[in-house]
Chemist: 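Structure in structure tokens, see below.
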Amino acid sequence: MIPIEFFLLLGGILFIIGAYGALTKSNAILVLMCIELMLNAANINFVAFGAFNGDVMGQAFVVMTISVAAAEVAVGIAILLNAYKVRKTTELDDKQLQTMRW
């Protein structure tokens with residue numbers, strides 16, 4: 001059996017990569033992908049702790065996290081498509097996307 005430390009290390013590395021990408025990228029699609037990477041890193045940790053403790057609570061949290069991530073991506077992509085249609089850009093540093101339309 002693989003020790004839990006390897007799974008936690010993998011989850012930590014993936015989370016750090018996702019956090020770095022979310023903080024440094026200016027393209028909104030890449031930021032959404034990095035957020036998904038961070039959520040998947042948390043899912044790896046949930047499953048690892050669930051397997052280590054011998055219960056299914058980790059898998060239950062993963063199912064909940066995946067459903068929240070799917071909703072987040074659906075709303076995020078819808079907002080980005082609308083912003084691209086109106087402003088013709090998905091760059092987060094652009095001054096046009098920093099204001100919300102009412």
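Position 1 is the first residue of the sequence; numbering continues from there.
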Chemist: Going only through I, L, V, M, F, W and Y residues with side-chain contacts under 4.5 Å, is there a path from I13 to L37?
Modeler: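 Linked within one cluster.
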Chemist: Decide yes or no for I44 and L14: does some side-chain heavy atom of the first lie under 4.5 Å from some side-chain heavy atom of the second?
Modeler: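 A side-chain contact under 4.5 Å exists here.
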Chemist: Who pairs with L23 by side chain to side chain contact (heavy atoms under 4.5 Å, CB included), at least two apart in sequence or on another chain?
Modeler: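 For L23 there are no side chain to side chain contact (heavy atoms under 4.5 Å, CB included) partners, ignoring immediate neighbours.
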Chemist: Heavy atoms, side chains only, cut-off 4.5 Å: are F7 and I2 in contact?
Modeler: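 Counting from C-beta outward, F7 and I2 do come under 4.5 Å.
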Chemist: What pairs of donor and acceptor atoms, side-chain ones from residues 25-36 against any protein atom, are under 3.5 angstrom apart with sequence neighbours left out?
Modeler:
unit_1: S26; atom_1: OG; unit_2: E91; atom_2: OE1; d: 2.8
unit_1: N27; atom_1: OD1; unit_2: I29; atom_2: N; d: 3.3
unit_1: N27; atom_1: OD1; unit_2: T90; atom_2: OG1; d: 3.2

Chemist: For the atom pair NZ (K85) and CG (L80), what is the distance rounded to the nearest 0.5 Å?
Modeler: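 These two atoms lie 13.5 Å from each other.
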Chemist: Please list, chain by chain and in numerical order, all residues satisfying side chain to side chain contact (heavy atoms under 4.5 Å, CB included) with V56, sequence neighbours excluded.
Modeler: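 Here the qualifying residues are Q59.
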Chemist: I16: which residues meet the side chain to side chain contact (heavy atoms under 4.5 Å, CB included) condition with it, sequence neighbours left out?
Modeler: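 None.
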Chemist: Any side chain to side chain donor-acceptor pair (under 3.5 Å) involving residues 61-77? Give me the pairs, sequence neighbours left out, ordered by first then second residue.
Modeler: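 Passing the test, one end in residues 61-77: no pairs.
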Chemist: Quick one: closest heavy-atom pair of G11 and A41, and the distance?
Modeler: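 Shortest heavy-atom contact: O-CB, 3.2 Å.
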Chemist: State yes or no: do L8 and L10 share one hydrophobic cluster built from I, L, V, M, F, W and Y residues joined by side-chain heavy-atom distances below 4.5 Å, directly or via other members?
Modeler: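 No; tracing contacts between hydrophobic side chains, which count when under 4.5 Å, never links both residues.
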Chemist: Could you list all the ring-ring contact (aromatic ring centres under 6.0 Å, His included) pairs where at least one residue sits in residues 16-56, not counting sequence neighbours?
Modeler: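 Every ring-ring contact (aromatic ring centres under 6.0 Å, His included) pair that includes a residue of residues 16-56, provided the two are not neighbours, is F46-F61.
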Chemist: Please report the shortest heavy-atom distance between M38 and A22, naming the atom on each side.
Modeler: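 Here M38 and A22 meet closest at SD-CB, 4.5 Å.
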Chemist: If hydrophobic clusters are built from ILVMFWY residues whose side chains come within less than 4.5 Å, do M57 and I66 share one?
Modeler: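 As far as the 4.5 Å side-chain criterion goes, I66 and M57 are connected within one cluster.
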Chemist: How close do A48 and I4 get, counting heavy atoms only, and between which atoms?
Modeler: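 Minimum heavy-atom contact is O-CD1, 3.7 Å.
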